[in-house]
Amino acid sequence: MSAEPELPEGIVRAGEPIGIGNEFTGVQVRKVWTRQGERLEILVPRHGHRILLDAMQLEIIARQDPERFTQLFAVALGSEDAPGAGWDPGAGRDPGAGDGPGGEEAGHR
């Protein structure tokens, strides 16, 4: 009998992961259950980055214009002329976000 793999803190049950990748990166996604409900776990094994997203967060992502992701890529890759360049997610609000959706009114402070 094989031992159950250890689950990350806060996860009480997990589905089977699936992998998605391209020439730049690879991620694993799986449905997990926490004490607060169902979440989608996204893991980047190469870097150890991990996030849990609930249904509301996933809906917000699904509603984004693809251009917003282009902006996020530019910021993450350090493009100097990208909207929001210089934004440090740990330091506060994205200066390129404005006060509309995704800005201060959406809870980014």
Side-chain angles (χ1 to χ4, degrees):
M1 181 192 288
S2 65
E4 289 287 321
E6 188 172 319
L7 295 173
E9 184 177 343
I11 295 177
V12 296
R13 192 173 96 197
E16 289 296 316
I18 62 169
I20 300 172
N22 62 19
E23 64 273 22
F24 303 108
T25 193
V27 298
Q28 293 179 351
V29 297
R30 67 180 176 172
K31 183 176 182 177
V32 298
W33 289 261
T34 70
R35 289 179 203 86
Q36 291 78 36
E38 300 172 338
R39 304 286 188 267
L40 180 70
E41 177 188 51
I42 303 174
L43 172 68
V44 184
R46 182 176 179 185
H47 299 288
H49 299 297
R50 176 180 163 263
I51 190 168
L52 299 177
L53 301 171
D54 67 19
M56 182 62 78
Q57 293 165 321
L58 292 168
E59 179 180 341
I60 290 168
I61 291 169
R63 294 173 62 182
Q64 297 304 304
D65 184 294
E67 177 62 26
R68 179 65 176 148
F69 292 100
T70 301
Q71 294 168 352
L72 289 172
F73 295 150
V75 171
L77 297 174
S79 175
E80 294 296 323
D81 58 351
W87 173 51
D88 178 359
R93 191 167 93 64
D94 176 354
D99 290 332
E104 193 167 322
E105 292 174 5
H108 293 275
R109 304 202 190 287

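Quick caveat: nothing in here was measured; it's all calculated off a predicted structure. Numbers here are sequence positions counted from 1.
Evaluation of the ring pair (Phe, Tyr, Trp, His ring centres under 6.0 Å) test over residues 35-66, restricted to residues two or more places apart or in two chains, returns H47-H49. Sequence neighbours left out, not one pair with a member in residues 14-45 passes ring pair (Phe, Tyr, Trp, His ring centres under 6.0 Å).
Atom CG of L58 and atom CZ of R63 lie 13.0 Å apart (nearest 0.5 Å).
Membership of an apolar cluster is not assigned to L77, as no side-chain contact below 4.5 Å to another ILVMFWY residue is traced. Here V32 sits in one hydrophobic cluster together with L7, I11, L52; the rule is ILVMFWY side chains under 4.5 Å apart, joined directly or through other members. M56 forms part of a hydrophobic cluster together with I60, judged by ILVMFWY side-chain heavy-atom separations under 4.5 Å.
Under a cut-off of 6.0 angstrom, the local environment of CD in E67 is crowded, with over 12 non-hydrogen atoms contributed by other residues, nucleotides or ligands. Environment of CZ in F69: crowded, with over 12 heavy atoms of neighbouring residues, nucleotides or ligands closer than 6.0 Å. In E9, the CD atom is not crowded: 12 or fewer heavy atoms of neighbouring residues, nucleotides or ligands sit closer than 6.0 Å.
Looking at Q64, its side chain never comes within 3.5 Å of a backbone N or O of I61 through a donor-acceptor pair.
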With a 3.5 Å cut-off and sequence neighbours excluded, list the donor-acceptor pairs that the side chains of residues 36-43 form with protein atoms.
| from | atom 1 | to | atom 2 | distance (Å) |
| --- | --- | --- | --- | --- |
| E38 | OE2 | K31 | NZ | 3.2 |
| E41 | OE1 | R30 | NE | 2.4 |
| E41 | OE1 | R30 | NH2 | 3.1 |
| E41 | OE2 | R50 | NE | 2.7 |

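Nearest approach of P45 to G26, heavy atoms of both residues: CD-O, 3.8 Å.
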